[in-house]
Number of protein chains: 2
Amino acid sequence: MQQKKEIINKLRSSNLRPTKQRILIARKLFDREETFHFTAESLNKAVNEKRHTKISLATIYNTVEAFKKAGHIREILTNNSKSYYDTNIKSHHHFYDPDSKKLTDIDYQEVILKKIPNPPKGKKIKDLEVVISLQKK
Amino acid sequence: MQQKKEIINKLRSSNLRPTKQRILIARKLFDREETFHFTAESLNKAVNEKRHTKISLATIYNTVEAFKKAGHIREILTNNSKSYYDTNIKSHHHFYDPDSKKLTDIDYQEVILKKIPNPPKGKKIKDLEVVISLQKK
DNA sequence: TTCACAGTTTAGAATAATTATAAACTGGAA
DNA sequence: TTCCAGTTTATAATTATTCTAAACTGTGAA
Ligand SMILES: [Mn+2]
Ligand SMILES: [Mn+2]
Ligand SMILES: [Zn+2]
Ligand SMILES: [Zn+2]
């Protein structure tokens, strides 16, 4: 969870001017207890539902891209037609429920790997992501 | 690797008429040694590069969808804007190289998991996919 | 063998998600 | 307070995919 001041610092520290729009979007993303998994569309709804003066969809896209570049959010692997983002930037894993299309975090230490292959020559491992797809029992 | 006759049987067995177009696409997909990772666009190129009478892009899309439904190919997790498919329908894992945007198969037994979390209530695990992202050493 | 017709292919239109454009606006340094 | 680079916005453009409906074809029955 992050308060307004921290959010402004976070923006400044990544060379993003703390505009009204960015602060609002950042609070929606980061001023919460739980990880938020979202698309541009769902974020747009979440940000604009109770507002008279709306933040434009272009700004939603611009801001998501800026936050991603700054490393404040990360993009998630899916096979959905929309891009999914995650406010949890730590290495971690996911359950994916195709029925609800919802992702749930799995803490990094909840998955223990005993063996993984060596990366190809000239490459090293940047990240390892496990996605566990679910179905009705 | 699969020959023409086997491919026709494969089509028939999934209630897909073995049309000229489907046989051609299926041979391009399945009559090969190695796994093929592809998008609608790359398959379209691969199928049509040396042809005078071209298979339409709509048929490429239709056929990919039909083969996916029939379980002859599977869709892969990515954070790319295009859908990626895989001719390897066995459970397996991937290296992903963001520089080349290329996926490489990792055999199922090359990754050994020591511990994974229990699925949420009422759900069971359908599949578990590991994606190892690479970067330059 | 021919016929009939459901299944299939196709060009092009439509839609959905995202990105680009360029004019108006604004945070903040001076 | 002014100035201007950075930002927002409406809207156009682009990209990937799906839809539509007319033409075509594989196949089972006659
Ligand atoms: Mn994808
Ligand atoms: Mn995706
Ligand atoms: Zn997450
Ligand atoms: Zn594969």
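Throughout, a chain's letter reflects where its sequence line sits, starting with A, and its residues are numbered from 1.
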Any [X] side-chain N or O less than 4.0 Å from OP1/OP2 of [N]:
| X | N | answer |
| --- | --- | --- |
| B:Arg22 | C:dT8 | yes |
| B:Thr19 | C:dT9 | yes |
| B:Lys20 | D:dG26 | yes |
| B:Ser83 | D:dT17 | yes |
| B:Tyr61 | D:dT18 | no |
| B:Arg12 | D:dT27 | yes |

Nearest to the side chain of [X], which nucleotide is it out of [options]?
| X | options | answer |
| --- | --- | --- |
| B:Leu57 | D:dT17, C:dG12, D:dT9 | D:dT17 |
| A:Arg17 | D:dA5, C:dT18, D:dT11 | D:dA5 |
| B:Pro18 | D:dG26, D:dT9, C:dT10 | D:dG26 |

5′-ward residue of the pair A:Lys54/B:Thr39 relative to DNA chain D: A:Lys54
Find the distance [X]:[atom1] to [N]:[atom2] and express it as a whole number of Å.
| X | N | atom1 | atom2 | value |
| --- | --- | --- | --- | --- |
| B:Glu65 | D:dC19 | CD | P | 9 Å |
| B:Lys45 | D:dA16 | NZ | C1' | 14 Å |
| B:Leu24 | D:dT25 | CG | P | 15 Å |
| B:Gln21 | C:dT8 | CD | P | 11 Å |
| B:Tyr84 | D:dT15 | OH | C1' | 14 Å |
| B:Asn80 | C:dA17 | CG | P | 17 Å |
| B:Asn48 | C:dT9 | CG | C1' | 13 Å |
| A:Ile60 | D:dT7 | CD1 | P | 16 Å |

Heavy-atom check, side chain of A:Tyr108 versus side chain of A:His93, under 4.5 Å: yes
Charged tip of B:Arg32 within 45° of B:Phe30 ring normal and under 6.0 Å: no
B:Lys54 NZ: over 12 foreign heavy atoms closer than 6.0 Å: yes
A:Lys90 atom NZ, neighbour heavy-atom count above 12 within 6.0 Å: no
Passing option when A:Asn44 is tested against A:Thr59, A:Val64, A:Leu57 for side chain to side chain contact (heavy atoms under 4.5 Å, CB included): A:Leu57
